[in-house]
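Report on one structure; see the data block that follows.
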Amino acid sequence: MCRTQATEQRNLEDLYRLSNLDAFQEKVFANFDPEVSGAWDAYHAAADFATHPEGWLLLQGGFGTGKTHLAASIANYVVQDHQMQVYFAVAPDLLHYLRSAYAPGSDTTYDERFEQIRSVYLLVIDDLGAEQSTPWAVEKLYQIFNYRYNNRLPTVVTSNCDLDRLDPRICSRLCDPDLCNQVLLTSSDYRMRHIETRYTQRTRSARTK
């Protein structure tokens, strides 16, 4: 029994190592506040997707609305509960990871990395649109999205930009209602909420003196 548990733990650690989730292990549904105004629909859409990862989920909204937290929560849930392979990356980092395969001494080839990303069970791309739109970057992202679209592979995308700023081919696939569920977060920037809360508390304190 102990040996089985140790094997399962190693398998989970391997999944985390491959998933690129080391910095996001604390981003889980349990510490996301769905009661924040403008976050309820996205929270439940993300939780439903994590339980049954099928199709695509697009989370849109401004900075600090919780998109990354929810996307990472999905990825963590799929790794821990489904024990399926996940690859999580911010869009510019994903492209850098691919490009670095050309460097001398790289431990994997470009083809190996590209295949890993485009065919992984669940791909989570955070902050799509933040990457530099070079012809190479545009084409690589299109190839990844097109492969996953054609094969109906579970995919989660977050973005704070208008879809019409993206490659029209990618935009078209993200707008397919038969595959992709688009959810908008309208909550305010949580970083600014903390500042506003402290300001309000200081103001109230000053008035009572």
Side-chain angles (χ1 to χ4, degrees), residues 12 15-16 19-94 121-130 153-166 171 174-209:
L12 188 58
L15 283 173
Y16 260 111
S19 70
N20 207 30
L21 277 168
D22 286 346
F24 298 91
Q25 292 189 34
E26 295 183 358
K27 301 292 186 183
V28 294
F29 290 112
N31 55 32
F32 184 92
D33 184 4
E35 301 297 332
V36 171
S37 177
W40 181 264
D41 290 344
Y43 171 83
H44 285 282
D48 289 344
F49 187 95
T51 305
H52 304 288
E54 299 175 352
W56 290 11
L57 176 64
L58 171 61
L59 299 173
Q60 291 181 278
F63 298 107
T65 54
K67 302 183 302 298
T68 298
H69 190 142
L70 288 175
S73 296
I74 293 171
N76 279 312
Y77 188 96
V78 170
V79 169
Q80 293 178 355
D81 287 64
H82 296 298
Q83 298 209 356
M84 298 296 291
Q85 286 194 347
V86 174
Y87 188 78
F88 178 102
V90 180
D93 293 343
L94 182 151
Y121 173 73
L122 171 63
L123 177 63
V124 181
I125 301 180
D126 189 35
D127 211 6
L128 182 67
L153 296 176
T155 305
V156 175
V157 178
T158 79
S159 181
N160 57 41
C161 71
D162 294 332
L163 292 184
D164 57 11
R165 287 178 48 196
L166 303 176
C171 179
L174 288 171
C175 290
D176 184 347
D178 293 329
L179 179 67
C180 186
N181 180 21
Q182 298 183 42
V183 185
L184 179 66
L185 288 95
T186 59
S187 49
S188 59
D189 187 330
Y190 75 90
R191 303 176 187 90
M192 298 303 295
R193 287 200 299 269
H194 293 309
I195 294 174
E196 291 169 358
T197 299
R198 290 197 295 270
Y199 175 78
T200 301
Q201 290 172 343
R202 286 198 301 268
T203 302
R204 288 175 179 172
S205 177
R207 288 175 179 172
T208 59
K209 290 181 180 180

Which heavy atom of [X] sits nearest to which heavy atom of [Y], and what is that distance?
| X | Y | answer |
| --- | --- | --- |
| F63 | N160 | CE2-ND2, 3.1 Å |
| A71 | L59 | N-CD1, 4.3 Å |
| E35 | W40 | OE2-CZ3, 3.3 Å |
| G129 | L166 | CA-CD2, 3.9 Å |
| Y121 | M84 | CD2-CB, 3.4 Å |

Pairwise distance [atom1]([X]) to [atom2]([Y]) - rounded to 0.5 angstrom:
| X | Y | atom1 | atom2 | result |
| --- | --- | --- | --- | --- |
| D22 | S19 | CG | OG | 6.5 Å |
| L70 | D126 | CG | CG | 10.5 Å |
| C180 | L174 | SG | CG | 5.5 Å |

S73: partners by side-chain contact (heavy atoms from CB on, under 4.5 Å), with sequence neighbours left out: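 Checked S73 against side-chain contact (heavy atoms from CB on, under 4.5 Å); matches are F29, H69.
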Check side-chain contact (heavy atoms from CB on, under 4.5 Å) between D176 and all other residues, then give those that pass, not counting sequence neighbours. Y149, R152, D178, L179
Tell me which donor-acceptor pairs under 3.5 Å the side chains of residues 41-58 have, and how far apart each pair is, sequence neighbours excluded?
| unit_1 | atom_1 | unit_2 | atom_2 | d |
| --- | --- | --- | --- | --- |
| T51 | OG1 | A47 | O | 3.0 |
| W56 | NE1 | L153 | O | 3.0 |
| W56 | NE1 | T155 | OG1 | 3.3 |

For the side chain of [X] and the backbone of [Y], is there at least one donor-acceptor N/O pair under 3.5 Å apart?
| X | Y | result |
| --- | --- | --- |
| S159 | D127 | no |
| K67 | G61 | yes |
| T65 | T186 | no |

Would a 4.5 Å heavy-atom cut-off, applied to side chains only, mark N20 and D93 as touching?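 Of all side-chain heavy-atom pairs linking D93 with N20, none is under 4.5 Å.
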Side-chain contact, heavy-atom cut-off 4.5 Å: F24 with T68?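 Touching, per the 4.5 Å side-chain cut-off.
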Between K27 and F32, is the side-chain contact (heavy atoms from CB on, under 4.5 Å) condition met? List the steps. CA-CA 8 Å; K27 301 292 186 183; F32 184 92; over 6 Å; no
Could you walk me through whether I74 and L122 pass the side-chain contact (heavy atoms from CB on, under 4.5 Å) test, one step at a time? CA-CA 10 Å; I74 293 171; L122 171 63; 4.0 Å; yes
If you count the non-hydrogen atoms of other residues, nucleotides and ligands that lie under 6.0 Å from CD in Q25, is the total more than 12? yes
